[in-house]
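Note that the structure is a prediction, hence the values are computed from the model and not measured. Note on naming: letters A, B, ... go to the chains in the order of the sequence lines (proteins, then strands), and numbering restarts at 1 for each one.
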Amino acid sequence: MDMKIVLQTAVEKAAKAAMAAGKLPQGELPEILLEVPPQKEFGDFASNFAMQAARSLKTNPRSIAQAIVEELREDWLEKVEIAGPGFLNFYLNPRWVHELLAGILAQGDRYGSTKHGAGQRIQVEFVSANPTGPLHVGHGRGAAVGSALVNLLRAAGYDVASEYYINDAGNQIDNLALSVEARYLELLGQTVEFPADGYHGEDIVDTARRIVEHHGDRFLKLSVAERREQFKEIALQEKLAALKEDLAAFNVQFDHWFSERTLHEADAIQSACKALREKGYLYEQDGAQWLKSTAYGDDKDRVVIRDNGVPTYLAADIAYHRNKMERGFEQLINIWGADHHGYICRVKAAIASFGYRPEQLEVLILQMVSLFRDGELVKMSKRTGQSVTLTELMEEVGTDAARFFFIMRSIDSQLDFDLNLAKSRTNENPVYYIQYAHARICSIFRQAEEAGVDTTDLSAAELSLLSSQWEVDLIKKLGEYPEEISQAAAERAPHRIARYVHDLAGQFHTFYNQCRIVGVEAELQTARLALAKGVQSAIRHALAVLGVSAPDRM
RNA sequence: GCGCCUGUAGCUCAGUGGAUAGAGCACCGGCCUCCGAAGCCGGGUGCGCAAGUUCGAUUCUCGCCAGGCGCACCA
């Protein structure tokens, strides 16, 4: 079915036949790579195989190409040309695009899903923001990219579990409790000094206000320790609920919310330290326990248990990643902000210390996000004076645009987020361009049905009628989709899907403007409807991967 | 000082060891008695600098220059 594989096999066979016939010297053959050429004058597929083989066969590329061409005798191959320094350009019998489309249509809504990941168990952990305040736009990028990556890996056949690590233990949670307490006391008219590492967000005041509403001043009667303990729980539950709500609104779901506390409660940290000590990767110095991370290329060893006996954040993370591996994942992917990149080495060191391969943990680093409005950098929210929250962004530009803009760039690039562009409901906006193509196809089907055409079964369409350059080009573009999914998944690069579906939508718009669908001769109409159907399902599939809606009308 | 990311068109960014390096925005000019003009068609002297590897480098390596982010017994 896959034409590339058929071609690869044929070329390999021809090369071996040429060797057997003495037209080529014996030798190792490189992998036969096929690509869609940059221009269609160079054929349907092209290969640089002859150039790659030149060295091992000690023959000039054009001679190799010539020998292969002479041995290629396939009826589906219209012609093969040797071009430039030795490219093989393959021109296929036009029938192949119609067979390609028939295969696409037979897969229906599943078209685009592949078996590339072959059931490999993989975990993706992302966002994992501290439950001490609202998500900001940086978390938004992680949430959009992470959820799209999960969808993408699933589309490529991986067995994926998504996870959020809740930092519900440690200093930041104590500071949360102290902050809420301070606001609570203020609301009850006391003068208090706000904690040095406290959280200044308006949401903390809201939490305190709700506590006053529900419980009045009864916490004043408790001991300070007891009061803080209770505030800690109340605030934590509230922050967590808010996080879940914001993420759900942003079309982000997690299979598992993993609590850091459970590690402390189950003694997982002590047990992990013990295991490390036994393996010789943990030692004591200056009263503290150190991980020997320099053994795996870190700049310095890292403290795991402080001299006061309290574990560091790294200690919990070591236990957490050990736990992940023990759950049987073959591959872990963590998505972190650029400000955490220095942390990668020590966590990998910990994983390696437990006897796993460090490559089993992949850390994807997301570069920073800058918001721009009217060409000006937006530093703070006008409303709150704090960082702009994900919720504010969703309110301003909508979930679809926010997700698409976060995903459409490579994670390695800093992201300049143009609020005006994302917000515009006009032709400037790439999100609407794609959604418009989908809505347009839906509209075509509505028109066809009104005209009495049965559009439910197009399997009898005579696809060979699709012979114009616009139709052929569109089918070829459509045919590239599954490989795009596999490739994007392998590269952990959801932005490739954003780009692909934008290109596909453009190709469809061109086709639409050149080829009338509804109202032409019946057989041709059916064939064009079938093509539109295939494009529709691919756009839907791709937008679903991105977590962006595919509206039937706009 | 060390580490990670980036430097491609006026702006924001894709892209590739190969044949004429692309898209969106912006700008200019065309296209609706016809399936949605949120659309289509046309308009382009650009890979930070300098060396190396290679038949071939914008892509790989080294060195500079510039920007971002880090460099805690914080998380």
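Side-chain atoms of A:R261 come within 3.5 Å of backbone atoms of A:D168 as a donor-acceptor pair (strictly under, hydrogens ignored). Side chain of A:D374 to backbone of A:E376: no donor-acceptor contact under 3.5 angstrom is found. A:S353 contributes a side-chain N or O that, together with a main-chain N or O of A:A349, makes up a donor-acceptor pair within less than 3.5 Å.
Residue A:Q447 places at least one side-chain N or O under 4.0 Å from the OP1 or OP2 atom of B:rG36. Neither OP1 nor OP2 of B:rC41 sits under 4.0 Å from any side-chain N or O of A:H509. Between A:T312 and B:rA72 there is no side-chain polar atom (N or O) within less than 4.0 angstrom of OP1 or OP2. Distances shorter than 4.0 Å separate none of the side-chain N or O atoms of A:R446 from OP1 or OP2 on B:rG36. A close approach under 4.0 Å does not occur between any side-chain nitrogen or oxygen of A:Y433 and OP1 or OP2 of B:rG36.
A:H495 has its NE2 atom 6 Å from the P atom of B:rA14, to the nearest Å. Atom CZ in A:F405 sits about 12 Å away from atom P in B:rC13, given to the nearest Å. At whole-Å resolution of the value, CD in A:E450 and P in B:rG36 are 9 Å apart. As rounded to whole Å, 12 Å separates atom C1' of B:rC55 from atom CD1 of A:I64. Between the CD atom of A:Q414 and the P atom of B:rC4 there is a distance of 16 Å, given to the nearest Å. Rounded to whole Å, the distance from CD1 on A:I411 to P on B:rU6 is 10 Å. For the pair A:N513 CG and B:rC41 P, the computed distance is 7 Å after rounding to whole Å.
Between A:Y481 and A:Y500, the two ring planes are parallel [angle under 30°; tilted spans 30° to 60°]. Note: A:F508 and A:Y512 have tilted aromatic rings, judged against thresholds of 30 and 60 degrees for the angle between ring planes.
Look at B:rG29: its Watson-Crick or wobble partner, with both distances under 3.5 angstrom, is B:rC41. Pairing for B:rA23 goes to B:rU12, judged as Watson-Crick or G-U wobble with the two contacts each under 3.5 Å. Searching all strands for a Watson-Crick or G-U wobble partner of B:rA66 with both distances below 3.5 Å returns B:rU6. Using N1 to N3 plus N6-O4 or O6-N4 for Watson-Crick, or N1-O2 and O6-N3 for G-U wobble, each under 3.5 Å, B:rC60 pairs with B:rG52. If you check B:rC71 for Watson-Crick or wobble pairing at under 3.5 angstrom, you find it paired to B:rG1. For B:rC35, there is no paired nucleotide, since no Watson-Crick or G-U wobble pair has both relevant distances below 3.5 Å.
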Give the intermediate values and the outcome of side chain to side chain donor-acceptor pair (under 3.5 Å) for residues A:Q237 and A:E233.
CA-CA 6 Å; A:Q237 290 317 310; A:E233 294 315 306; 4.6 Å; no
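Using a 4.0 Å heavy-atom cutoff across all strands shown, A:N89 reaches at least one base atom of the nucleic acid. Looking at heavy-atom distances under 4.0 Å, A:N308 makes no contact with the nucleic acid at all. Among the protein residues, A:S413 comes within range of the sugar-phosphate backbone only, with heavy atoms under 4.0 Å from sugar or phosphate atoms but none that close to a base.
Residue ring and nucleobase are not stacked for A:Y436 and B:rG39 under a centre distance beneath 5.5 angstrom and an angle between planes beneath 30°. Using a 5.5 Å limit on the distance between ring centres and a 30° limit on the angle between planes, the aromatic ring of A:Y512 does not count as stacked on the six-membered base ring of B:rG39.
Side-chain N/O atoms of A:N48 and base N/O atoms of B:rA19 include no donor-acceptor pair closer than 3.5 Å.
Glycosidic conformation, B:rC32: syn, with the torsion inside 90° of 0.
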